[in-house]
Amino acid sequence: MARSDEAQAFFHAVYSAAQQIPYGKVTTYAHLAYLVGTPQRPRQVGVCMKHLPHDEDAVFNSSNVPWQRVINSKGAVSPRSQPSGATNQAAALRKEGIEVTRTAMGEFTIDLEVYGWFPEELEEEE
DNA sequence: TACATGACGGGAT
DNA sequence: AATCCCGCCATGT
């Protein structure tokens, strides 16, 4: 495979963790990094989401991984996703009942005190 | 192969 | 309180 096995495992871990974010809740790139055991690489979590396949046949794809529930530490939707991607993400979150506020700078923010999901560890998969 | 970039974060300034 | 700066490392050029 193109990517190293280590990277492959990292991607898998991140996607699996993301799938555990409950409907109507959100978490941060940093927390996912923490959950998969690499708290110093939140940036790589972003890379994982960026490369999330749209291919329905892939084990992990944009349909079965709730990537929209992953936002940055400031409680805002990452503005660097795709052009207008942030708007779509905000809409998807509102659809889940999450209150998304639009700031003057065109950023979409969420109250992590209310909608944040920050478990200490992942639940066992069977 | 080498260098730049980036769905980020936290400490320093 | 707002910015800057650096670490991290898979990808893109």
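So that the names make sense, note that chain A is the first sequence line, chain B the second, and so on, each numbered from 1.
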K.L.:
How would you list, by chain and number, every residue that makes a side-chain hydrogen bond (donor to acceptor under 3.5 Å, both in side chains) with A/Ser73, sequence neighbours excluded?
P.N.:
none
K.L.:
Quickly work out the A/Lys74 NZ to B/dG9 P distance and round it to whole Å.
P.N.:
6 Å
K.L.:
Are A/Leu93 and A/Ile110 side-chain neighbours, meaning at least one heavy-atom pair lies under 4.5 Å?
P.N.:
yes
K.L.:
Could you tell me the separation between the CG atom of A/Leu32 and the P atom of B/dC8, rounded to a whole number of Å?
P.N.:
13 Å
K.L.:
With a 4.5 Å heavy-atom cut-off, do A/Val77 and A/Gln68 have their side chains touching?
P.N.:
no
K.L.:
Mind checking whether A/Phe11 and A/Val47 have side chains closer than 4.5 Å, heavy atoms only?
P.N.:
yes
K.L.:
Between A/Leu32, A/Val36, A/Val65, A/Asn64, which is the residue that forms a side-chain contact (heavy atoms from CB on, under 4.5 Å) with A/Tyr15?
P.N.:
A/Val65
K.L.:
Do A/Phe60 and A/Ser16 have side chains that approach each other closer than 4.5 Å (heavy atoms only, starting at C-beta)?
P.N.:
yes
K.L.:
Under the salt bridge (charged side-chain N to carboxylate O under 4.0 Å, His left out) definition, can you give me all pairs with a residue in residues 51-77 of chain A, not counting sequence neighbours?
P.N.:
A/Arg69-A/Glu96
K.L.:
For each nucleotide in nucleotides 3-9 of chain C, reading 5' to 3', give B when a protein heavy atom comes within less than 4.0 Å of its base, S when such contact involves only the sugar-phosphate, and - otherwise.
P.N.:
----BBB
K.L.:
Can you tabulate the close N/O pairs, meaning under 3.5 Å, that link protein atoms to atoms of nucleotides 10-13 of chain B?
P.N.:
| unit_1 | atom_1 | unit_2 | atom_2 | d |
| --- | --- | --- | --- | --- |
| B/dG10 | OP2 | A/Ser73 | OG | 3.3 |

K.L.:
Going from CH2 on A/Trp67 to CD1 on A/Ile21, what distance comes out if it is rounded to the nearest 0.5 angstrom?
P.N.:
12.0 Å
K.L.:
Figure out the CG/P separation between A/Leu112 and B/dC8, and round it to whole Å.
P.N.:
15 Å
K.L.:
If you define the side chain from C-beta out and look only at heavy atoms, does anything of A/Thr109 sit under 4.5 Å from A/Val100?
P.N.:
no
K.L.:
Got a list of side-chain donor-acceptor pairs under 3.5 Å for residues 22-30 of chain A, not counting sequence neighbours?
P.N.:
| unit_1 | atom_1 | unit_2 | atom_2 | d |
| --- | --- | --- | --- | --- |
| A/Tyr23 | OH | A/Lys95 | O | 3.4 |
| A/Lys25 | NZ | A/Val114 | O | 3.3 |
| A/Thr27 | OG1 | A/Trp117 | O | 2.9 |
| A/Thr28 | OG1 | A/His31 | N | 3.0 |
| A/Tyr29 | OH | A/Ser78 | OG | 3.1 |

K.L.:
Expected output is a numbered-order residue list: members of residues 90-107 of chain A with a heavy atom under 4.0 Å from any atom of DNA chain C. What is it?
P.N.:
none
